[in-house]
*Asks:* 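Next up is a structure, given as structure tokens.
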Amino acid sequence: MTTGITRRDFMNGIAIAVTGAAGFGFSGARAADAATAAAPLYPPGRDGLRGSHAGSFEAAHRLRDGSPFDITRATLTEHHDLIVVGAGISGLAAAFFYRQRRPDARVLILDTNDDFGGHAKRNEFVVDGQTLLCYGGTQSIDGPGRWSSVAKGLLKDLGVDVHRFKRAFDQDFYARWNLNQSVFFKSEVFGVDRLVRRPFGTWQELDENPRDGASLRAYLGQFPLGERARAQLYEMIESDRDVLKGKTPQQRRTILEHLSYRDFLKQYWDADDEVLKFLQTRTHELWAVGIDAVPASETPTLPGLKAQRAALAPETEEPYIYHFPDGNASIARLLVRKLIPAIAPGASMEDIVLARFDYAQLDRAEHPVRIRLNSTAVDVRNAARGVELAYVTGGNVARVGAADCVLACYHAMIPYIASETSAAQRSAQHDNVRAPLVYVTLAVRNWQPWHKLGVAYIDNPGGTFSAMLDFPVSLDGYHFSADPSQPTCLHLMHCPTAPNQGLDARQQYRAGRARLYAMSFADFEREIRDELGRMLGAAGFDFDRDVAAITVNRWPHGYAYTPTPLYDDPAQQARRSEQARRRLGRIAIANSDSGWDAYTHVAIDQAHRAVAELTS
Ligand SMILES: Cc1cc2nc3c(=O)[nH]c(=O)nc-3n(C[C@H](O)[C@H](O)[C@H](O)COP(=O)(O)OP(=O)(O)OC[C@H]3O[C@@H](n4cnc5c(N)ncnc54)[C@H](O)[C@@H]3O)c2cc1C
């Protein structure tokens with residue numbers, strides 16, 4: 001981390017002409033831990049340290065630390081048909097499916113955060129009079145062609161036609177502005193600060209995919225790596241050399257499933273240390289951990305695996321264009337508008353983008369569905385009339401009852417709140433160690449430096465944040481920044497890993513989580529300022545002048561754990577996954593954790609299964 005930048009520097013730089021989305025002052029003073037409490041009521045418009053924000057996790061951590069709440073003094077005040085714990089996509093979908101089966105059902109949804117959506121969070125700004133939207137977590141509808149009929153059916157019920165994105169996502173944007181991928185080599189790791197733009201391929205192709213050997217050579221020639229590393233990279237990308245020659249497809253798969261990609265490169269390619277450093281973070285985006293903890297079978301498009309691709313049969317990728325301006329927060333908002341129609345006007349996937357949500361409608365006795373934020377479930381058990389649940393809000397314990405309950409919170413939380421869980425089930429739930437990661441949204445006054453450099457994405461293998469321009473999506477009245485002189489959002493990603501110390505994925509996730517909780521907004525801000533300055537400074541980027549606001553979406557419990565043969569025995573895992581989500585009387589278990597995969601369609605499918613368990 002760099003030092004010497006004060007909060008005052010930051011505040012002075014951004015206090016002018018930035019208004020919060022709710023029309024409140026949106027000054028730099030709010031971009032600080034201490035100031036979050038004073039933020040306006042409209043949650044998507046809050047900046048500073050968000051995601052798992054102050055006030056949202058303390059009650060849960062108190063349970064973890066063995067200090068339960070006294071729930072005996074609170075009287076049971078309400079009775080519902082269903083209580084859902086967790087207002088993420090899975091919890092909201094569970095409420096929706098339950099009411100599909102029982103249209104008169106009264107439902108209470110609790111969430112510990114001050115906004116609904118779980119990871120599917122909306123970040124909203126007004127900069128120089130222009131509304132900017134971005135996503136604080138769940139980014140896109142990934143591969144909708146592969147979604148189950150249940151998940152596709154939900155999209156249809158919500159009015160989402162994914163074909164609409166073919167026009168909404170400006171697919172010519174990158175070619176029109178000549179923007180491509182790039183790599184920032186940071187001096188602390190590579191000896192020199194250097195931004196290298198990839199001169200071939202399209203922005204959509206993350207991996208090297210040269211048109212011809214000469215342009216690949218020219219590209220690699222700019223890397224501040226030794227001759228051996230560059231020659232190796234060239235061969236790994238370009239040649240068909242089969243390092244597993246003579247093996248059957250099954251033997252190849254077995255080898256690659258039980259070797260990390262890093263170990264595969266070391267063992268079969270004798271990879272130079274600089275090659276490994278360059279590729280170390282290539283798996284962050286999907287796995288939130290580096291190449292030392294992801295099996296080579298999961299990285300078929302990365303260098304060195306060309307000859308193995310046929311055996312690995314990678315899925316055909318659908319274009320990555322199924323994106324609302326606020327990511328899958330639009331799906332959460334569509335669900336909430338269906339559940340509580342009074343919250344916002346409108347009825348389409350287009351008008352949800354700018355629909356103004358009245359948060360005062362979330363928890364009202366006159367609505368059959370109520371969403372209660374800032375409320376952490378701390379105890380749930382089967383009782384004479386179904387279930388009883390205690391939650392903590394504002395430091396006080398409250399108790400409610402219901403006929404049924406869906407726990408759509410993380411698996412890791414369940415052992416601390418559901419005392420009826422057996423030791424074996426608890427152990428299986430604890431195995432689902434979520435991956436920590438951070439999505440930062442920066443509202444900037446223009447993107448001229450990006451245009452000047454001809455880049456839309458900057459990989460940063462030796463540093464903290466990768467960075468990219470927001471996706472060029474326009475829907476209904478919302479328009480993506482039309483040219484480089486206009487405000488837009490930048491998206492930065494950080495995975496707090498602990499690589500190459502012999503730690504498995506779970507151990508790295510736990511270590512990273514502890515680090516994230518220890519980082520303040522000022523820590524993030526210093527690092528962002530330093531790295532962006534070094535990446536874009538030569539093209540005229542001035543942090544104080546150009547950055548209007550920062551929202552750090554911190555997710556210590558991020559991606560649901562995805563088992564791999566590297567660390568998990570597939571046969572045993574199937575049994576443990578089933579055991580972890582097993583129903584406890586009238587308490588069913590949803591969440592993407594129950595499907596052991598970090599995707600929106602998994603969160604939806606698991607909600608559907610949990611509701612079926614209670615209503616069939
Ligand atoms: C940064 C990031 C990017 C992602 N990008 C994508 C993407 O592009 N596409 C995709 O398909 N998926 C993506 N995902 C995966 C994402 O997790 C799922 O798509 C989906 O949003 C998960 O929904 P969920 O309801 O299962 O869990 P969550 O969103 O985690 O919701 C669980 C909710 O339970 C609440 N909760 C926990 N404990 C309690 C308690 N005791 N009391 C009350 N409430 C509680 C939490 O506050 C949270 O709101 C991403 C995830 C992250 C973290």
Side-chain angles (χ1 to χ4, degrees), residues 51-53 55-64 83-95 108-121 135-144 146-147 151 284-286 288 320 322-324 327-329 331-332 335 371-380 389-393 406-418 432 434-441 471 491-495 553-562 589-607 610:
S52 189
H53 57 81
S56 67
F57 55 86
E58 292 80 353
H61 286 188
R62 178 173 151 178
L63 292 180
R64 178 204 61 192
I83 298 175
V84 179
V85 175
I89 286 180
S90 199
L92 296 170
L108 174 67
I109 307 172
L110 300 172
D111 202 289
T112 187
N113 279 325
D114 64 9
D115 200 355
F116 58 80
H119 294 153
K121 280 287 183 323
Y135 46 94
T138 312
Q139 187 179 67
S140 296
I141 299 172
D142 200 354
R146 292 194 298 272
W147 283 32
H284 277 194
E285 198 101 5
L286 273 185
Y320 199 69
Y322 303 105
H323 179 83
F324 282 98
N328 291 4
I331 296 181
L335 276 163
I371 299 178
R372 194 162 294 164
L373 301 173
N374 301 303
S375 302
T376 310
V378 293
D379 186 90
V380 60
L389 183 144
Y391 65 93
V392 171
T393 185
V406 171
L407 295 180
C409 53
Y410 338 123
H411 268 6
M413 186 75 218
I414 296 173
Y416 300 109
I417 61 176
N432 198 317
R434 282 191 163 202
L437 69 164
V438 180
Y439 272 14
V440 178
T441 306
F471 296 110
H491 163 74
L492 276 58
M493 190 188 82
H494 168 54
C495 292
N553 302 278
R554 167 180 76 169
W555 301 112
H557 298 271
Y559 294 164
Y561 183 82
T562 307
I589 295 175
N591 193 283
S592 47
D593 281 4
S594 315
W596 295 73
D597 213 353
Y599 286 105
T600 293
H601 61 99
V602 176
I604 295 168
D605 289 344
Q606 293 303 321

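Read the numbers this way: they start at 1 and go in the same order the structure lists the ligands and their atoms.
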*Asks:* Measure across Pro144 and Tyr322 and return the closest heavy-atom pair with its distance rounded to 0.1 Å.
*Replies:* CD-CD1, 3.4 Å
*Asks:* As an exercise, identify every atom of ligand 1 less than 4.0 angstrom from a heavy atom of Arg434.
*Replies:* 27 (O), 30 (O)
*Asks:* I'd like to check Asp114 versus Ser56 (side-chain heavy atoms, cut-off strictly below 4.5 Å). Are they in contact?
*Replies:* no
*Asks:* Roughly how far, to the nearest 0.5 Å, is the CD1 atom of Ile89 from the CZ atom of Phe116?
*Replies:* 11.0 Å
*Asks:* Asn328 versus ligand 1: do any nitrogen or oxygen atoms come within less than 3.5 Å of each other?
*Replies:* no
*Asks:* Can you tell me which residue and heavy atom of the protein come closest to atom 36 (N) of ligand 1, and the distance to 0.1 Å?
*Replies:* Cys409 CB, 3.7 Å
*Asks:* Among all protein heavy atoms, pick out the one at the shortest distance from atom 12 (N) of ligand 1; state its residue, atom name and that distance to 0.1 Å.
*Replies:* Ala598 O, 3.4 Å
*Asks:* Considering non-hydrogen atoms of the protein only, which is the closest contact for atom 7 (C) of ligand 1, and what is the distance?
*Replies:* Gln139 N, 3.4 Å
*Asks:* Between Trp555 and ligand 1, does any nitrogen or oxygen pair lie at a separation below 3.5 Å?
*Replies:* no
*Asks:* Return yes when Ser375 approaches ligand 1 closer than 4.0 angstrom through a heavy atom, no otherwise.
*Replies:* yes
*Asks:* Would you give the length of the straight line joining atom NE2 of His61 to atom OH of Tyr416, rounded to the nearest 0.5 angstrom?
*Replies:* 9.5 Å
*Asks:* Below 3.5 angstrom, do we get any N/O pair linking Thr600 and ligand 1?
*Replies:* yes
*Asks:* For atom 25 (O) of ligand 1, what is the nearest protein heavy atom, given as residue, atom name and distance?
*Replies:* Ser90 N, 2.9 Å
*Asks:* With side chains defined as the heavy atoms from C-beta onward, is the minimum distance between Tyr320 and Phe471 less than 4.5 Å?
*Replies:* yes
*Asks:* Give the numbers and elements of all ligand 1 atoms closer than 4.0 Å to a heavy atom of Ala603.
*Replies:* 23 (O), 26 (O)
*Asks:* Minimum heavy-atom separation for Gly88 and Asp111, please, with both atom names.
*Replies:* N-OD2, 4.0 Å
*Asks:* Name the closest protein heavy atom to atom 13 (C) of ligand 1, giving the residue it belongs to and the distance to 0.1 Å.
*Replies:* Thr138 CG2, 3.5 Å
*Asks:* Which one of His323, His119, Lys121 satisfies the side-chain contact (heavy atoms from CB on, under 4.5 Å) criterion with Tyr135?
*Replies:* His323
*Asks:* May I ask you to check whether Asp593 has an N/O atom sitting below 3.5 Å from an N/O atom of ligand 1?
*Replies:* no
*Asks:* With respect to His601, determine whether any N or O atom, backbone or side chain, lies less than 3.5 Å from an N or O atom of ligand 1.
*Replies:* no
*Asks:* For ligand 1, is there an N or O atom under 3.5 Å from any N or O atom of Thr376?
*Replies:* no
*Asks:* Among protein heavy atoms, which lies nearest atom 34 (O) of ligand 1, and at what distance?
*Replies:* Gly86 CA, 3.3 Å
*Asks:* What atoms of ligand 1 come within less than 4.0 Å of a heavy atom belonging to Tyr599?
*Replies:* 10 (C), 11 (O), 12 (N), 18 (C), 19 (O)
*Asks:* Judging by distance only, is a nitrogen or oxygen of Lys121 under 3.5 angstrom from one on ligand 1?
*Replies:* no
*Asks:* Considering all heavy atoms of both residues, which atom of Ala408 and which atom of Asn591 are nearest to each other, and what is their separation?
*Replies:* O-ND2, 2.8 Å
*Asks:* Going by the side-chain contact (heavy atoms from CB on, under 4.5 Å) test, name the single residue among Ile417, Asp379, Thr376 that passes it with Leu63.
*Replies:* Ile417
*Asks:* Tell me the contacting part of His119 for ligand 1: side chain, backbone, both, or neither, using a 4.0 Å heavy-atom threshold, strictly below.
*Replies:* both
*Asks:* Does the side chain of His491 reach to within under 4.5 Å of the side chain of Gln139, using non-hydrogen atoms?
*Replies:* yes
*Asks:* So how far is it from Tyr391 OH to Leu389 CG, rounded to the nearest 0.5 Å?
*Replies:* 9.0 Å
*Asks:* Within ligand 1, which atoms have a heavy atom of Tyr439 less than 4.0 Å away?
*Replies:* 1 (C), 3 (C)
*Asks:* Quick check: do Trp147 and Ile604 have side-chain heavy atoms less than 4.5 Å from each other?
*Replies:* yes
*Asks:* Is the shortest N/O to N/O distance between Ile89 and ligand 1 below 3.5 Å?
*Replies:* yes
*Asks:* Among all protein non-hydrogen atoms, which one is nearest to atom 27 (O) of ligand 1, and what is the separation to 0.1 Å?
*Replies:* Asn591 ND2, 3.3 Å
*Asks:* Identify the two heavy atoms, one from Ala87 and one from Ile371, that lie closest to each other, and give their separation to 0.1 Å.
*Replies:* CB-CG2, 4.4 Å
*Asks:* Using a 4.0 Å heavy-atom threshold (strictly under), name the region of Ser56 that reaches ligand 1: side chain, backbone, both or neither.
*Replies:* neither
*Asks:* Relative to ligand 1, is Glu285 under 4.0 angstrom through side chain, backbone, both or neither, heavy atoms considered?
*Replies:* neither
*Asks:* Report, in ascending order of atom number, the atoms of ligand 1 lying under 4.0 Å from any heavy atom of Tyr559.
*Replies:* 2 (C), 3 (C), 4 (C), 50 (C), 51 (C), 52 (C)
*Asks:* With a cut-off of 4.0 Å, which atoms of ligand 1 are near a heavy atom of Tyr320?
*Replies:* 8 (O)
*Asks:* Using 0.5 Å steps for rounding, measure from the CG atom of Asp142 to the NE2 atom of His601.
*Replies:* 7.0 Å
*Asks:* So which heavy atom on Ile414 is nearest to which on Cys409, and how close?
*Replies:* CG1-SG, 4.2 Å
*Asks:* Taking distance alone, with no angle check, do Ala377 and ligand 1 share an N/O pair under 3.5 Å?
*Replies:* yes
*Asks:* What are the atoms of ligand 1, with element, lying closer than 4.0 Å to any heavy atom of Asn113?
*Replies:* 47 (O), 49 (O)
*Asks:* Which residue supplies the protein heavy atom nearest to atom 45 (C) of ligand 1, what is that atom called, and how far is it?
*Replies:* Thr112 CG2, 3.8 Å
*Asks:* Can you find a heavy atom in the side chain of Leu373 that is under 4.5 Å from one in the side chain of Asn113?
*Replies:* no
*Asks:* At a 4.0 Å threshold, what atoms of ligand 1 neighbour a non-hydrogen atom of Asp111?
*Replies:* 33 (C), 34 (O), 35 (C), 43 (C), 44 (N), 46 (C), 47 (O), 48 (C), 49 (O)
*Asks:* Do the side chains of Asp593 and Arg434 get nearer than 4.5 Å, heavy atoms only?
*Replies:* yes
*Asks:* Return the CE to CG distance between Met493 and Leu437, rounded to the nearest 0.5 Å.
*Replies:* 6.5 Å
*Asks:* Looking at ligand 1, does any of its N/O atoms fall within less than 3.5 Å of an N/O of Ser140?
*Replies:* yes
*Asks:* Can you find a non-hydrogen atom of Ala60 under 4.0 Å from ligand 1?
*Replies:* no
